[in-house]
Every structure is written in structure tokens, then in C-alpha cells.
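Working notes for the structure below.
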There are 2 protein chains.
Amino acid sequence: MAKQAFTNTREEILGLSVSLFAARGFDGVSMRDIAQGVGVAPAGLYHYFSDKEQLCLDAVGYAFKEKVEPLTFFLNGAGDPWGRLEAFITQLTRMLAKEKDFRRLIQWVLLDSNEQRLQSLADRVFRDLFNALRNLAGEVAPGHDPQPLVISMIGLVIYPFETQAVRRFLPGYQLQHEDPKAIARHVVALLRNGLGEANEEK
Amino acid sequence: MAKQAFTNTREEILGLSVSLFAARGFDGVSMRDIAQGVGVAPAGLYHYFSDKEQLCLDAVGYAFKEKVEPLTFFLNGAGDPWGRLEAFITQLTRMLAKEKDFRRLIQWVLLDSNEQRLQSLADRVFRDLFNALRNLAGEVAPGHDPQPLVISMIGLVIYPFETQAVRRFLPGYQLQHEDPKAIARHVVALLRNGLGEANEEK
DNA sequence: GTCTATAATCCGATAGAC
DNA sequence: GTCTATCGGATTATAGAC
């Protein structure tokens with residue numbers, strides 16, 4: 001979102017591509033759009049990237065490395081498992097609230113990819129974070145199957161952001177529903193106790 | 001997915017449009033694709049729909065009315081709230097597992113719509129179901145803010161389906177993770193008790 | 001590295017016959 | 001209602017000069 005100072009043309013192209021692909025998807029962005037945004041001729045892009053597909057993949061990898069890698073720190077600690085999980089969820093909601101482009105880019109790429117691209121993303125982009133979270137899930141809830149649990153955790157965190165744009169138009173909406181800290185608190189409380197006791201009311 | 005017998009050309013166009021837009025999104029499908037699929041000339045589509053945008057909106061409304069309206073029955077009953085919620089979640093997972101096109105179409109339209117289209121969808125397509133679920137959430141958990149709770153419920157149910165294609169390539173994957181009954185059981189158990197006790201192991 | 005120019009294709013939509 | 005024919009424009013990507 002914010003304007004950045006890029007060290008070179010290639011990274012400037014990648015940074016703008018992240019914003020544009022996040023906003024309008026692969027087919028919604030033309031090489032002309034990207035070229036105009038960085039102030040080069042369309043043909044200039046092909047000096048750095050073999051084609052549009054490669055530019056898109058590189059943009060996703062660039063964004064993921066920049067935004068997600070710092071979060072693995074919170075997962076791999078050694079302290080109390082619930083404390084690490086809570087810290088991770090708090091940091092993840094904070095990042096997703098701040099990096100709207102990143103969240104939309106991942107959403108786009110998960111929806112608009114064939115099997116081959118999904119396999120490549122799973123192996124080269126998602127795997128490490130997923131494994132770290134799966135190990136932590138195993139510590140927090142030893143009796144549960146870890147894969148569905150990880151999906152539930154990520155879904156609980158991401159879905160409020162995915163639905164943000166349409167929730168505004170649905171009944172009962174309040175501005176505080178966008179607050180990342182409130183979202184994190186809600187998710188952690190739900191994971192800890194379910195709805196049994198209304199223990200997060202205030 | 002399955003071949004259907006349509007009563008007229010208009011519904012045949014809508015049915016095929018649902019499949020195509022679900023598979024490749026708005027920009028990924030051309031009017032030529034749709035026309036060829038139903039066996040008419042491209043110009044013929046404009047007899048039934050003013051433009052591509054209207055065809056897409058009508059296809060979403062058509063799919064939602066067909067697939068979701070039957071589910072409101074389970075929400076509006078009068079019996080035990082938890083029982084109604086469990087029945088609704090079970091039916092919703094069953095529908096989402098069966099109607100893959102429908103799930104992808106909603107995902108596409110939520111991601112690839114401007115504010116105006118989202119407002120129109122919220123008012124004319126999502127509102128009734130959302131309200132019914134919100135009322136039930138209020139009964140089940142009187143102490144909680146109902147909007148975030150509804151989002152958590154839907155997210156818990158939908159996210160396993162949204163991530164189905166990529167989960168196959170991630171560690172710990174098992175075929176039973178696709179079983180709608182298992183997903184429903186997992187979600188209900190999580191909502192009831194959180195992860196406190198490993199009470200869904202078997 | 002970056003440009004101009006352009007090839008080759010595809011797109012949404014319309015006009016008008018039948 | 002459905003067709004043929006086509007307009008005007010956008011698209012990815014390449015060729016070749018500088």
C-alpha cells in the first residue's frame with residue numbers, strides 16, 4: 001500500500017505487481033498497467049521476467065517472504081504452547097490488518113491457480129509456516145488431528161478479513177470488528193473454550 | 001457440475017455460466033466461451049442479458065437461490081438452538097461438498113467485486129441467511145457479539161473447502177479431511193468446547 | 001536496459017437479415 | 001429468437017534500434 005523506496009527496478013516492478021494483482025487479480029492487470037506504474041515501456045518488463053506468469057509467481061514469493069517469514073519466530077519458541085499460539089495469532093492478525101495487499105494476493109492466488117501452481121506454492125511458499133503451526137497445534141491439543149486444526153485456526157483468523165468488504169453492508173456491523181486485537185482475542189477465546197461460557201464479553 | 005435438463009435457453013445459459021465463472025472467474029470467461037457451451041452464437045446471449053456484468057449477477061442470484069434457500073429451513077425452526085445449529089452446519093457442509101461450483105462462484109464474487117456489487121449482493125442475496133444465522137447465534141451464545149460469531153461459524157465451515165485444493169499438497173493430509181460429516185463434527189465440537197478437552201478423538 | 005513499432009490474437013458489443 | 005458479419009479496442013509478446 002505505502003510508497004516504498006526500492007533498491008532497483010526489478011524490486012520496484014515486484015512491489016507494484018503485488019499491489020495490482022492484489023487489487024484486480026491476474027487477468028485484471030495488464031503488462032501495460034504494470035509498466036506504466038513503474039514508468040517503463042511494456043517491453044521493458046520482459047527484460048526481468050520471461051512472461052506474465054513468472055512475474056506473478058515472483059511477486060507472490062516476494063510478498064510472502066517479506067510478510068510471513070518474520071512470523072515464524074513466534075511459532076518456534078520453547079515456552080508455553082498456548083502462549084506461543086496466542087502470540088502468533090496476535091501477530092498474524094496485526095499483519096493481515098496492515099498488509100491488505102498481501103492478504104488479497106494470497107486469496108487470489110489460491111483461487112486462481114491450477115494444480116501445478118498450487119503444488120509449487122505449497123512446496124516452496126507455504127510448507128514451512130504450515131509445519132511450524134502444525135507442530136504447535138499438536139502441542140496445544142494433543143488429542144486432535146493437527147491438519148484440520150491448523151485449517152480451523154487460519155480460517156478463524158483470515159475469514160474476518162476476507163469478508164471485511166461485504167460485512168460492512170450486513171446487519172450488526174460495528175467498526176470495532178476490524179480491530180486486529182479484538183479479532184485475535186475472539187479467536188483465542190473460541191479456541192480455548194468454545195462458546196460454552198460467555199467469557200469474552202465486556 | 002452434473003448435466004441438467006433446463007427448461008429454457010435462459011436457464012441453460014445461467015447454469016453453464018455458473019460452472020464457467022466458478023472455474024475461471026469473470027475475466028477468465030468470455031461471452032464466446034459461454035455461447036459455444038450452450039450452442040448459440042455469441043450475439044444470441046445479448047437477447048437474454050444486457051451485458052456480461054448482468055449475466056454474471058443473474059448467475060450468482062440463480063445459484064444462491066437454488067442452493068442456499070433450502071438451508072434456511074434448518075435455521076428457523078423452534079427447537080433446541082444447539083440442535084438447530086448442528087443441523088444447519090451439517091447441511092451446509094454437505095451442500096458445499098456437493099456443489100463445488102457454487103462455493104467457488106461465491107468466493108470469486110466476494111473477491112472480484114467493487115463496493116457497489118458487494119452492496120447489491122449483501123442486500124439482495126446474503127442478507128436473509130445472514131440474519132437467520134445471526135439470530136440463532138444470539139440464542140446459542142447470548143453473551144457474545146453475534147456478527148463476529150457468525151463470521152467465525154461460516155469461516156470454520158467454508159475454509160476447509162476453500163483450502164481443499166492446496167491442502168492436498170501440504171503435510172498431514174488425509175482423505176477423510178474431505179468428508180463433510182467429519183468437517184461438521186469438528187466444527188461443532190470446536191464451537192461447543194474449544195480445544196480444552198480432546199473430546200472428538202476416536 | 002530501455003525504447004519504438006508492430007505482429008497476432010482475443011475481447012465485448014452492435015447492426016441488421018431472417 | 002437466433003444468426004452472420006464486423007467494429008473498435010485491448011491483450012501478450014517479439015523484433016530490432018540505441
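Below, read A as the first sequence line, B as the second, and so on, with proteins coming before strands; counting in each chain starts at 1.
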When the distance from [atom1] of [X] to [atom2] of [N] is rounded to whole Å, what number comes out?
X        : N       : atom1 : atom2 : answer
Tyr48(A) : dA13(D) : OH    : P     : 18 Å
Gln36(B) : dC10(C) : CD    : C1'   : 14 Å
Phe49(B) : dT14(C) : CZ    : P     : 15 Å
Glu53(B) : dC11(C) : CD    : C1'   : 16 Å
Glu12(B) : dT2(D)  : CD    : C1'   : 14 Å
Tyr46(B) : dG1(D)  : OH    : P     : 19 Å
His47(A) : dA13(D) : NE2   : P     : 17 Å
Asp33(B) : dC11(C) : CG    : P     : 6 Å

Please compare Gly44(A) and Arg32(A) by the position of their nearest nucleotide in DNA chain C and report the one closer to 5'.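 It is Gly44(A), whose closest nucleotide lies nearer the 5' terminus.
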Heavy-atom check, side chain of Trp82(B) versus side chain of Leu191(B), under 4.5 Å: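 Side chain of Trp82(B) against side chain of Leu191(B), heavy atoms only: contact under 4.5 Å found.
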At less than 4.0 Å, is any side-chain N or O atom of Ser30(A) found next to OP1 or OP2 of dA10(D)? Yes or no.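 So the side-chain polar atoms of Ser30(A) never come under 4.0 Å of the phosphate oxygens OP1 or OP2 of dA10(D).
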Give a yes/no on whether any side-chain N or O of Thr9(B) is located under 4.0 angstrom from OP1 or OP2 of dT2(D).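 Yes.
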From C-beta outward on Val40(B), which listed nucleotide comes closest to its side chain: dC3(D), dA13(C), dT4(C)?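 The closest nucleotide is dC3(D).
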Closest to the Ala43(A) side chain, choosing from dA13(D), dC3(C), dC3(D):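 Given the options dA13(D), dC3(C), dC3(D), the side chain of Ala43(A) is closest to dC3(C).
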When you measure from the centre of the six-membered ring of Phe26(B), is the NZ or CZ of Arg117(B) under 6.0 Å away and within 45° of the axis?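 Yes, cation above the ring, under 6.0 Å and within 45°.
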Glu178(B)/Arg168(B) salt bridge by N-O under 4.0 Å criterion: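 Result for this pair is no, no salt bridge flagged.
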Using distance alone, with no hydrogens and no angle criterion, decide if His186(A) and Asp145(B) have a side-chain donor and acceptor under 3.5 Å apart.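 There is no such pair (donor and acceptor under 3.5 Å, judged by atom type) between the side chains of His186(A) and Asp145(B).
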With heavy atoms under 4.0 Å as the rule, sort Val38(A) into base, sugar-phosphate or nothing.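 No contact at all - Val38(A) keeps every heavy atom at 4.0 Å or more from the nucleic acid.
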For Arg94(B), I'd like to know if atom CZ has over 12 heavy atoms of other residues, nucleotides or ligands within 6.0 Å.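 No, because the 6.0 Å sphere around CZ of Arg94(B) holds 12 heavy atoms or fewer from other groups.
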